[in-house]
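In what follows, a structure is listed as structure tokens, so that the remarks can point back to it.
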Amino acid sequence: YRAKALGKGRYTLFDQEMYEQTLRLTQLESELHYALEHGEFELYYQPIIALSTNQLSGFEALIRWKNPKRGFISPIEFIPLAEDTGLIVAVGDWVMKEACHQLQDWMRQFPEAAHLKMSINLASHQIREPDLLDKLDSILAQTGIDGSSIRLEITESTLMDQGEQTIKKLSQLRARNIQLSIDDFGQGYSSLSYLHRFPINILKIDRAFVNQMSDGGENIEIVRTITVLAHTLNMSVVAEGVETQQQAEILKQLGCEFGQGYLFSRPLTAADAELAIAKSINLSQVS
Ligand code: C2E
Ligand code: MG
Ligand code: MG
Ligand code: MG
């Protein structure tokens, strides 16, 4: 309607843009298909640390796309496009399988690692998808891992978008003991007053707040408030993007249970994550 108001000539421009956008998406869709079939995706694993003990508590699985022509493509670039094409469901299926099989493998190798949790990002399409529960059931059955070992991360906006249907789906996930996290909390305009309606276990504070915490800064008060709110609702708190020792100290004092960020570790390849597990087991046996 906007193009119309600007006169006839603008129609063409608008159509041209739409056409190019569609073409780009179609091309990307086939590239993503190809990438899935040819193993161009890889999961990295970023440690999540219990702040009170400094022990490894689990990992967040983070997808990487290594495209032979275009090189490394960040999920920040291709995940939104995968969502637009709908191919996020196929990509997300691969992520869930890969992450759970990896966890199963680690649990087999390291019986002492049975407590580790695997966090997996879930796009909003995936929540809406009717087969999600069946898929998860079959992954859990195949790997033999318990629902309580996995955590699904859902962004605040996904949660707020979708109303009653989402609540029902989330409850079905909880019935399998699967844990649920709100990702990037604080980024949306979340209706704090809605939060108690969702069966969420963990709140992940967006790294924007964590990063800007300095002594006496107002972000400390925001993080404190979020932490108190989460605890009131029986949720644990993970701080994202912890980069300095000072931030870790403040977070610990605020009662935030877990931290994730470059201070502890960057996202690791599966091989390096395995070394991190082995190291954390040895450390806990020494102490
Ligand atoms: P996210 O779920 O909030 O993941 C955390 C992001 O913060 C990751 O970026 C991680 O590498 C980065 N990060 C961790 N610690 C620090 C830190 O100390 N400083 C800074 N500056 N950054 C830190 P990454 O891996 O590039 O992923 C970006 C986003 O892409 C994710 O944000 C998530 O929304 C999406 N994503 C990644 N993998 C998947 C996936 O398998 N499925 C879906 N649906 N989305 C994914
Ligand atoms: Mg996440
Ligand atoms: Mg996040
Ligand atoms: Mg994020």
Side-chain angles (χ1 to χ4, degrees), residues 32 35-36 40-49 51 58-66 72-103 117-129 132 135-136 139 150-159 179-188 190 200-213 223 226 237-248 250-251 256 258-270 272-273 276:
L32 286 170
L36 266 177
E40 290 177 11
F41 292 116
E42 185 176 344
L43 289 184
Y44 273 52
Y45 300 92
Q46 188 174 32
I48 299 177
I49 303 296
L51 292 173
F59 294 95
E60 178 175 6
L62 294 161
I63 195 169
R64 304 287 179 257
W65 182 6
K66 287 167 184 161
F72 173 90
I73 305 169
S74 160
I76 298 169
E77 282 177 54
F78 72 86
I79 291 288
L81 294 170
E83 288 183 322
D84 290 347
T85 62
L87 214 74
I88 188 66
V89 172
V91 174
D93 288 350
W94 178 82
V95 172
M96 289 192 294
K97 273 192 211 136
E98 179 72 16
C100 290
H101 279 97
Q102 184 60 76
L103 185 64
K117 312 285 182 207
M118 181 66 78
S119 296
I120 299 170
N121 292 286
L122 215 64
S124 57
H125 274 70
Q126 289 177 276
I127 300 265
R128 272 185 255 132
E129 206 235 332
L132 176 68
K135 286 172 182 171
L136 280 165
I139 293 172
I150 59 179
R151 291 180 171 163
L152 299 180
E153 299 196 355
I154 303 156
T155 63
E156 198 183 347
S157 53
T158 296
L159 205 61
Q179 301 204 333
L180 301 172
S181 308
I182 305 187
D183 206 353
D184 305 337
F185 187 81
Q187 235 192 25
S190 175
I200 298 291
N201 310 93
I202 291 136
L203 211 148
K204 290 189 86 169
I205 304 181
D206 193 71
R207 70 163 184 267
F209 298 110
V210 176
N211 259 319
Q212 290 158 27
M213 282 190 326
V223 172
I226 294 175
V237 181
V238 180
E240 290 187 334
V242 182
E243 292 183 353
T244 68
Q245 193 60 50
Q246 191 202 17
Q247 289 163 355
I250 296 172
L251 290 162
C256 173
F258 303 99
Q260 175 182 352
Y262 296 167
L263 171 67
F264 305 111
S265 172
R266 301 224 163 213
L268 304 171
T269 61
D272 285 340

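The figures that follow rest on heavy atoms only: side chains count, while hydrogens, waters and symmetry mates do not. Counting starts at 1 for both ligands and their atoms, following the listed order. Predicted model only: the values in this text are computed from it and were never measured.
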Is there a side-chain contact between [X] and [Y], using heavy atoms and a 4.5 Å cut-off?
X    : Y    : answer
E156 : D184 : no
L36  : L32  : no
W65  : I63  : no
L132 : M96  : yes
I139 : I150 : no
V237 : F258 : no
I48  : S119 : yes
I49  : V242 : no

From the candidates [options], the one that places a heavy atom nearest [atom]:
atom                    : options              : answer
atom 30 (O) of ligand 1 : P75, A99, G261, G259 : P75
atom 33 (C) of ligand 1 : I88, D184, N121      : N121
atom 22 (N) of ligand 1 : W65, Y262, F78, F264 : Y262

Show which atoms of ligand 1 fall inside a sub-4.0 Å distance from at least one heavy-atom site of [X].
X    : result
R64  : 11 (O), 24 (P), 25 (O)
G241 : 16 (C), 17 (C), 18 (O)
E243 : 17 (C), 18 (O), 19 (N), 20 (C), 21 (N)
P267 : 11 (O)
A123 : 44 (N)
I76  : 28 (C)

Would you say the Mg ion (ligand 3) has D206 as a near neighbour, meaning an N/O/S atom of that residue under 2.8 Å away? no
Counting only heavy atoms closer than 4.0 Å, does ligand 1 sit against the backbone of [X], its side chain, both, or neither?
X    : answer
L62  : both
D183 : side chain
V242 : backbone
K204 : neither

Between E240 and ligand 1, does any nitrogen or oxygen pair lie at a separation below 3.5 Å? yes
Under 3.5 Å: N/O of I63 near N/O of ligand 1: yes
Taking E60 as the fixed residue, which of Q46, R151, Q260 is the one that meets the side-chain hydrogen bond (donor to acceptor under 3.5 Å, both in side chains) rule? Q260
Of all the heavy atoms in G92, does at least one lie under 4.0 Å from an atom in ligand 1? no
Is it true that R266 lies under 4.0 Å from ligand 1, counting heavy atoms only? no
N/O/S atom of T155 under 2.8 Å from the Mg ion (ligand 2), yes or no? no
Quick check: does D183 put an N/O/S atom under 2.8 Å from the Mg ion (ligand 2)? yes
Within the distance-only criterion (no hydrogens, no angle test), does the side chain of E98 pair as donor or acceptor with the backbone N or O of W94 below 3.5 angstrom? no
Minimum-distance pair of heavy atoms, taken over all atoms of [X] and [Y]:
X    : Y    : value
Q126 : G92  : NE2-CA, 3.2 Å
F41  : A35  : CE1-CB, 3.7 Å
P267 : Y44  : O-CD2, 3.6 Å
L51  : G259 : CG-N, 3.7 Å

Atom of E153 nearest the Mg ion (ligand 2) (restricted to N/O/S, atom name only): OE1
Tell me which N, O or S atom from D184 is the closest to the Mg ion (ligand 3). OD1
Among the N, O or S atoms of E240, which one sits nearest to the Mg ion (ligand 3)? OE2
Working to 10°, measure the angle at the Mg ion (ligand 2) formed by atom OE2 of E60 and atom OD1 of N121. 90°
